[in-house]
Amino acid sequence: MNILETLQQRFATVLEDFTDNVGPFVEMIRPSQDAKFGDYQANCAMPLGKQNGTAPREVALKIVDKLNVADLCEPSEVAGPGFINLTLRTPWLEDLINRIAHDERLGVEAVAKPKTIVVDFSSPNVAKPMHVGHLRSTVIGDSLARVFRFAGHQVITDNHIGDWGTQFGMIIYGFKHFVELKAYEQDPVGELARLYRLVNQLCDYHDAKSKLPELKEQIERAETRLAEMDPDSPDKQQKKAYKKQSSEIAGLRAELKTLKAKIAAVDDDPELKELADKHPQIAVDSRKQTAKLHAGDQENVRLWDEFLPLCVEALQKIYDRLDIAFDHTLGESFYNDQLADVVKDLEKKGLAVESDGAKCVFLEGHAAPFIVQKADGAYTYATTDLATIKYRVEEFGADQMCYVVDARQSEHFSMLFKTARAWGYNDVELQHVQFGTVMGKDGRPYKTRSGDTVGLESLLDEAIAKASEIVAANDDAKKDADGNPRPELSPEYRAEIAEAVGLGGVKYADLMHNRESDYVFDYDKMLATTGNTATYLQYAHARIYGIFRKGNILPAKLRSEVPRIEIKDPTERALALRIARYSEFLSDVVADCRPNLLTQYLFDLSNDLTAFYAACHVLNAEDEQTKRSRLMLCDVCARVLSHGMSLLGIKAPQQM
RNA sequence: GCCUCGGUAGCUCAAUUGGAUAGAGCACUGGUCUUCGGAACCAGGGGUUAGGGGUUCGAAUCCCUUCCGGGGUACCA
């Protein structure tokens, strides 16, 4: 059961006497910020007092008078300007925790009205290896899907991979001109990745060369203008303009530097230079390969058919490591034959019009149009995304779609959703679940020292390698009663734990931050053995199993014996209450698509557990009944911990 | 230029969407314990929530304004 909801319902009937619109006031019943104000508090008396022209305290007293919560709360108190403080009766909480302890769903009821929710996440471009930029979408999307599903919704996960775009043209071009067949036979995906990087580099080279003169001129012009400005002008406007101009020049210079670096990288390498000279039109020609593929060119389609499964398989390897599965992998190519109809329909409905040769949807509030077909006839991802919405509504019966995608694409989604609604898809709830950038310690987007993006695979390897050292060091330090070294874990089990700790650390670090803000990627912090990390939760869980092992307790057997949990110590009460509030937090995660609420909950739960653990002996409890009560409390806590972690996609080992 | 998202403790981040004295972790200081698993626990210091103004019983949160930073901005996805 959801305690908060129960209280809100009780209030709702009372509040009807005070207002016609109880909704917003019921929302003002919430958990207390501070334990000294009780467990929950109602803040609705102040605004109601104002609305009705009565003193808030008086309103609060009247509400309390009519309120019927005597079964679950101590007598309510009115405090301050009119806060109503509610404290749960411990016997009532005790009954509740005992029910939860024997409930498979840990007291979490499934939603009354399940929706069909499509979660669109990860969505890498298959032509290039996954990198750190895909981490958040993948980890957050997976967790949300798990939470939605547990909440009782029908969830469809769909990996909308990029398998049809410009990048594939580049690979095909690369394959036709630069492939090393031996390498391709040995490691096809590695060779394709090399080809992609090579073609990309050569494209960048020519692009940089062509841009260079103009950029230099631009800088000169800007500098001339700057020289005419007065940095110490008394006029604020002019001073500001000067600053702006300087920063613009700094930006242009930085751009110049990267361009020069790209050019130098090729010029300094005779082999690359030769290739670059031989392929001056590589960018245009790569695009032509893409166009040929889309037009159904036999050779290119054959190559695509050959490459795609290899690429998808390589992706799958990473998903397997991450313990992530999709119900569907419907990439861009899947919608190819539906795109022409989408544009036709948009035109028919007067939404898409021609402009500069392209077919565009113009939307209020947006300067740039939503381009559904380019001047050269090719379709864009706007078109594909529209086709995807249509497909998901018609084939999946989707009530809701969550796009777990970088915040930088917010304008695209805003336009996409507006267009979709204008197109007639009004009933489906479309949601851009956006997130911030993964930054390096320098506060810039996370890159390797040489400036490349960090591959996801090597990132995971690194995390697990570091975790291995920590796990080994910890196990090696274990001692027996006489103080002699006595490691407990087999090499195999150590490896398993290192994997759980390493991957868990990476995922947890990502999930614990408010998804909308950028966060700094730092191995040392995410794998730290102290503080708010996955390891801390895992350790809390393992400690409970440590007690079970030491006491020869089998949790399943314990449960079947139905010992009653008795709440005596304040730490027991705090722990029980936290456990009982699991369902509240999950419904918040569902409502806001914010897994960090769950990580915070689990961290608090672990803290409550260790506090309880420090204050109350379990195996050495004062009597058998208390011991069994506490064991049972440990058991239900361990179940919530491991269940909550599973919703984050994190493993909870029983021993560490 | 326009649009958009940010600025919170030394550092990394929260803050239940307008609630009571802004909280955690790291780092720092001090303490606990016969280690049911010390990867622990308890306590303490540390804040003009970028600056200024406004709205109201009440503001980190809403409005205005200034400063600083990120991102986006017509045929890449």
Side-chain angles (χ1 to χ4, degrees), chain A residues 4 27-28 30-34 36-37 41 43 46-47 49-50 56 79-83 85 123 125 162 165-167 236 240 287 332 355-360 365-376 378-382 384-385 406-412 414 434 436-437 439 441 443-445 470-471 473-474 477-479 488 509 512-514 516-520 522 524-525 528-533 535-536 538-540 542-547 549-551 584-585 588 592 594 596-597 600 603-604 607 610-611 613-621 627 630 655-656:
Chain A
L4 181 60
E27 294 288 305
M28 294 177 194
R30 49 183 54 156
S32 299
Q33 287 270 15
D34 195 314
K36 71 180 170 226
F37 300 131
Q41 63 181 44
N43 304 334
M46 283 84 78
K50 179 162 179 67
F83 294 100
N85 293 338
S123 309
N125 199 300
T166 319
Q167 283 82 354
K236 268 177 99 179
K240 198 176 155 187
R287 275 202 288 278
E332 294 168 335
S355 170
D356 287 349
K359 288 180 181 153
C360 306
H366 295 274
F370 199 50
I371 297 176
V372 291
Q373 189 171 15
K374 300 193 285 182
D376 64 5
Y379 300 104
T380 68
Y381 75 132
T384 317
D385 282 352
D406 199 305
R408 279 173 287 199
Q409 295 199 36
S410 62
E411 194 170 18
H412 167 72
S414 162
Q434 55 183 305
T437 311
M439 311 291 259
K441 277 187 190 171
R444 306 187 52 83
I470 295 167
V471 171
N474 183 62
K478 286 177 188 164
K479 290 180 177 148
E488 297 173 351
M512 73 177 282
H513 293 105
N514 184 330
E516 304 199 70
S517 47
D518 300 340
Y519 82 97
V520 175
D522 181 347
D524 294 334
K525 278 206 168 109
T529 54
T530 60
N532 187 355
T533 61
T535 319
Y536 181 78
Q538 288 167 326
Y539 182 63
R543 284 177 92 184
I544 293 177
Y545 275 84
I547 295 180
R549 268 193 304 280
K550 180 135 188 171
E584 273 174 36
F585 281 84
D588 286 347
D592 291 347
R594 282 171 42 174
N596 67 314
L597 298 175
Q600 185 61 48
F603 180 62
D604 290 339
N607 277 323
T610 46
Y613 188 84
C616 302
H617 277 257
V618 178
L619 293 179
N620 303 338
K627 173 180 160 184
R630 288 178 180 163
Q655 199 172 359
M656 288 175 76

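Note that the coordinates shown come from a computational prediction; the quantities given were computed from them, not determined experimentally. Here is the naming used below: chain letters follow the sequence lines, and residue numbers restart at 1 for every chain.
- A straight line from NE2 of A:His513 to P of B:U8 spans 14 Å, rounded to a whole angstrom.
- With hydrogens and angles ignored, no donor-acceptor pair under 3.5 angstrom links the side chain of A:Thr166 to the base of B:A77.
- Taking 3.5 Å as the limit, the base of B:A20 and the side chain of A:Gln41 contain a donor-acceptor pair of atoms between them.
- In this structure, the nucleotide among B:C42, B:U21, B:U73 sitting nearest to the side chain of A:Lys36 is B:U21.
- For B:U17, the base has no donor-acceptor partner in the side chain of A:Glu27 [N/O atoms by modelled type, under 3.5 angstrom].
- When distances are taken from the side chain of A:Tyr539 to each of B:G72, B:A39, B:C41, the shortest belongs to B:A39.
- In this entry the distance linking NZ of A:Lys50 with P of B:G19 reads 17 Å, nearest Å.
- The pair A:Asp522-A:Lys441 meets the salt-bridge criterion, with a side-chain N (NZ, NE, NH1 or NH2) lying under 4.0 Å from an Asp/Glu carboxylate O.
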Query raised in the report: Can you list the steps and then say if A:Tyr519 with A:Asn514 is a side chain to side chain donor-acceptor pair (under 3.5 Å)?
Result: CA-CA 9 Å; A:Tyr519 82 97; A:Asn514 184 330; over 6 Å; no
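- Residue ring and base: A:Tyr613 counts as stacked with B:C36 (centre distance below 5.5 Å, interplanar angle below 30°).
- A stacked arrangement is assigned to A:Phe37 and the six-membered base ring of B:A20, with a centre-to-centre distance below 5.5 Å and an interplanar angle below 30°.
- Counting atom types as modelled, A:Arg549 pairs a side-chain N or O with a base atom of B:G37 as donor and acceptor under 3.5 Å.
- Phosphate proximity of B:A15 to A:Arg594: present, with a side-chain N or O under 4.0 Å from OP1 or OP2.
- For A:Asn514 against B:A14, no side-chain N or O and base N or O form a donor-acceptor pair under 3.5 Å.
- Contact annotation: A:Thr530 side-chain N/O to B:C26 OP1/OP2 distance is under 4.0 Å.
- Between A:Phe370 and A:His412, the two ring planes are tilted [angle within 30° to 60°].
- A:Asn85 contributes a side-chain N or O that forms a donor-acceptor pair with the base of B:A20 under 3.5 Å.
- If you check every strand for non-hydrogen atoms under 4.0 Å, A:Ala79 touches a base.
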